[in-house]
Amino acid sequence: MFISDNLGVNTEGNLTIGGVDTIELANEFGTPLYVMDEQVIRNSLRRFHDSMNKYYNGNGEVHYASKAFSCMEMCRIVASEGDGLDVVSIGELYTAVKAGFPMEKVGFHGNNKTDEELDFAVKVGVGHIIVDNIDELHRLEKISAEKSAQPNIMFRIKPGIDAHTHDFVKTGQIDSKFGFALETGEAFEAVKEAVNCKNVKLIGLHCHIGSQIFDIAPFEEAAKVMLGFIAKIKNELGYVIEGLNLGGGFGIKYLNEHDPKPFEVYLEKVSEVVKTECAALGIKLPKMFIEPGRSIAGPAGITLYTVGARKEIPGIRTYISVDGGMADNPRYILYGSEYDAVVANKAGEERKDRVTIAGKCCESGDLIGENMPLQYAESGDIIAVCATGAYNYSMSSNYNRLQKPAVVFVNNGKARLAVKRETLDDIIRNDI
Ligand SMILES: *Cc1c(COP(=O)(O)O)cnc(C)c1O
């Protein structure tokens with residue numbers, strides 16, 4: 001009935017998440033409200049690292065890609081599971097530092113890190129910096145030389161894999177702003193330079209082919225290409241690359257017809273390919289890193305909204321307007337993303353209506369979705385939009401000077417505030 005089994009209906013007919021009544025959450029914390037189910041986050045992390053143990057002898061690390069959803073409480077949860085973190089900006093890194101996250105388990109990404117960001121990353125001692133381009137390598141060398149530091153680095157490689165996903169979230173092909181190209185020899189030249197650098201230590205190669213990918217084959221292909229490159233580096237330069245970072249990108253279920261492969265199957269297949277290829281190429285098994293973001297945070301979250309107006313346009317469509325929209329969930333306006341929704345106070349009823357859920361921003365494209373099956377919704381009802389845990393809060397804005405919603409975590413039947421709702425004074429706090 002619901003897209004994930006942490007959602008249910010209680011005796012009042014209200015939607016529950018992690019056993020907590022969503023209507024009580026809406027009453028206590030207000031709407032719009034992001035609700036994250038802590039057990040779903042923990043279970044997903046465990047399934048990834050348990051599979052890494054089972055299929056790859058534990059010779060690897062799971063780094064949660066915090067851009068999917070970052071706040072201090074999320075960093076604390078990931079740390080308590082013993083997993084690592086991937087950050088893509090000084091802001092995400094600062095959040096991790098302030099949450100007390102162990103820096104040796106942090107990977108720092110970004111296609112255009114500033115000197116300030118690189119300087120901060122070296123200062124706090126991140127585990128590795130994933131260098132995106134030759135200019136960054138030169139700037140990092142200079143910064144670490146000044147500090148007499150030798151940070152670990154990986155190189156981000158474009159393996160030339162075309163994953164079947166939305167154009168905006170494809171990253172592995174040659175025409176991409178991310179990373180060094182393999183085909184042109186750019187990546188090899190960079191490696192040649194890095195292995196002779198005194199102020200960085202090249203410990204691994206990284207690729208990330210895209211996001212919301214359902215097939216396992218492109219991940220297997222990417223692993224093969226990367227291992228071929230590791231073998232070339234060993235054979236031609238005599239340098240051993242210790243780490244292979246395969247990025248994230250695993251698809252999740254947004255709609256009932258989505259059928260992502262279990263994480264276990266992904267890790268089993270990819271581990272097999274890596275082992276077979278290494279044997280064939282005569283190279284030692286690298287330490288494996290994966291960076292799931294969406295698949296950890298996405299299924300854990302829902303967003304609660306209060307319905308304002310119901311507008312039926314005969315023969316055209318019915319608009320249900322809610323008290324949020326593109327400012328808290330810009331994924332529809334960005335990618336035309338689809339979601340499943342439920343009227344939380346009528347969750348036991350059948351979804352006989354077909355509606356467009358619209359936001360309150362001054363853009364016609366400000367929609368949560370179109371042609372969505374829903375219970376009959378009217379003013380005052382609470383709507384839950386499902387699987388909003390990733391790339392919603394983290395992509396939220398103050399468009400129309402809306403206040404960003406609060407984030408609440410639920411666990412063991414209890415709710416706790418993790419991020420406060422912005423106040424009107426927050427809206428003007430930097431205005432002079
Ligand atoms: C975005 C990103 C991820 C996470 O991708 P998901 O699709 O959320 O799993 C991992 N690694 C890198 C480098 C990324 O840019």
Side-chain angles (χ1 to χ4, degrees), residues 38 40-110 113 117-118 120-132 151-156 201-208 211 219 223 226 241-250 263 266-267 270-271 274 285-298 300 389-390 394:
E38 185 174 346
V40 174
I41 294 166
R42 290 187 183 275
N43 286 342
S44 303
L45 287 167
R46 284 173 201 168
R47 286 176 58 199
F48 274 117
H49 63 229
D50 288 351
S51 305
M52 184 78 90
N53 291 340
K54 183 165 173 196
Y55 299 111
Y56 204 67
N57 304 321
N59 183 19
E61 285 181 24
V62 177
H63 283 208
Y64 164 64
S66 71
K67 74 170 189 272
F69 172 86
S70 169
C71 66
M72 285 165 60
E73 185 63 359
M74 186 67 178
C75 292
R76 291 188 282 259
I77 290 170
V78 175
S80 76
E81 290 295 331
D83 293 311
L85 204 67
D86 141 14
V87 299
V88 297
S89 72
I90 194 170
E92 287 180 7
L93 181 53
Y94 187 73
T95 306
V97 169
K98 287 292 175 180
F101 201 91
M103 283 298 123
E104 68 278 8
K105 284 201 172 162
V106 174
F108 187 24
H109 274 287
K113 304 175 193 77
E117 290 181 309
L118 290 172
F120 188 69
V122 173
K123 196 176 88 197
V124 299
V126 298
H128 57 261
I129 297 171
I130 297 96
V131 173
D132 178 274
N152 293 328
I153 64 164
M154 294 194 186
F155 274 144
R156 175 152 186 171
K201 182 167 183 232
L202 181 63
I203 61 152
L205 298 179
H206 169 279
C207 69
H208 170 75
S211 197
F219 293 108
M226 297 293 283
I241 300 283
E242 306 276 347
L244 173 61
N245 189 331
L246 294 172
F250 322 118
F263 310 151
Y266 161 79
L267 268 166
V270 170
S271 299
V274 171
L285 281 182
K287 177 169 178 178
M288 194 197 292
F289 294 81
I290 57 167
E291 301 170 330
R294 187 192 307 276
S295 50
I296 303 291
S394 66

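For the single chain, residues carry numbers from 1 onward in sequence order.
- The backbone N or O of G82 sits less than 3.5 Å from a side-chain atom of K105, completing a donor-acceptor pair.
- When each of D86, V131, L244, N245 is checked for a side chain to side chain contact (heavy atoms under 4.5 Å, CB included) with H206, only N245 meets the rule.
- Closest approach of A96 and M103 over heavy atoms only: C-CE, 3.9 Å.
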Trace of the side-chain contact (heavy atoms from CB on, under 4.5 Å) decision for I290 with L267 = CA-CA 10 Å; I290 57 167; L267 268 166; 4.1 Å; yes
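- Counting only residues at least two apart or in different chains, salt bridge (charged side-chain N to carboxylate O under 4.0 Å, His left out) contacts with residues 62-74 comprise E73-R76, E73-R416.
- Minimum heavy-atom separation, F155 to L202: CD1-CD1, 3.8 Å.
- With a 4.5 Å cut-off on side-chain heavy atoms, P151 and V126 do not count as touching.
- For residues 87-97, every residue pair satisfying the side-chain hydrogen bond (donor to acceptor under 3.5 Å, both in side chains) rule, not counting sequence neighbours, is listed here: S66-E92.
- The two residues P102 and A79 make their nearest non-hydrogen contact at CD-CB, 4.1 Å.
- The side chain to side chain contact (heavy atoms under 4.5 Å, CB included) check on A390 picks up A68, R294, A297, with sequence neighbours excluded.
- Of the residues I203, I129, L205, the one that meets the side chain to side chain contact (heavy atoms under 4.5 Å, CB included) test with M154 is I203.
- The closest side-chain heavy-atom distance from M52 to E61 is not below 4.5 Å.
- H63 has its ring centre no less than 6.0 Å from the ring centre of H109.
- Summarising the geometry, atom NZ belonging to K201 is positioned 13.0 Å from atom NE2 belonging to H128; distances are rounded to the nearest 0.5 Å.
- Contacts of E242 classified as side-chain hydrogen bond (donor to acceptor under 3.5 Å, both in side chains), with partners at least two apart in sequence or in another chain: K284.
- Across G84 and V78, no two heavy atoms sit closer than the pair O-CG1, 3.4 Å.
- Evaluation of the side-chain hydrogen bond (donor to acceptor under 3.5 Å, both in side chains) test over residues 49-60, restricted to residues two or more places apart or in two chains, returns H49-D83.
- Remark: F120 CZ to I90 CD1 distance equals 5.5 Å, nearest 0.5 Å.
- Remark: R42 engages E38, Q39, R46, I77, S80, E81 in a side chain to side chain contact (heavy atoms under 4.5 Å, CB included) (not counting sequence neighbours).
- Nearest approach of I130 to K113, heavy atoms of both residues: O-NZ, 2.6 Å.
- Checked against the 6.0 Å centroid criterion, the rings of F48 and Y64 do not qualify as a close aromatic pair.
- Between the OG atom of S271 and the CE atom of M288 there is a distance of 4.0 Å, given to the nearest 0.5 Å.
- Counting all heavy atoms, side chain and backbone alike, M72 lies closest to A99 at O-CB, 3.6 Å.
- Expressed to the nearest 0.5 Å, how far CD of E104 lies from CG of N152 amounts to 11.5 Å.
- At a threshold of 4.5 Å between non-hydrogen side-chain atoms, the residues V87 and S70 do not count as touching.
- By the 30° and 60° cut-offs, the orientation of the rings of F250 relative to Y266 is tilted.
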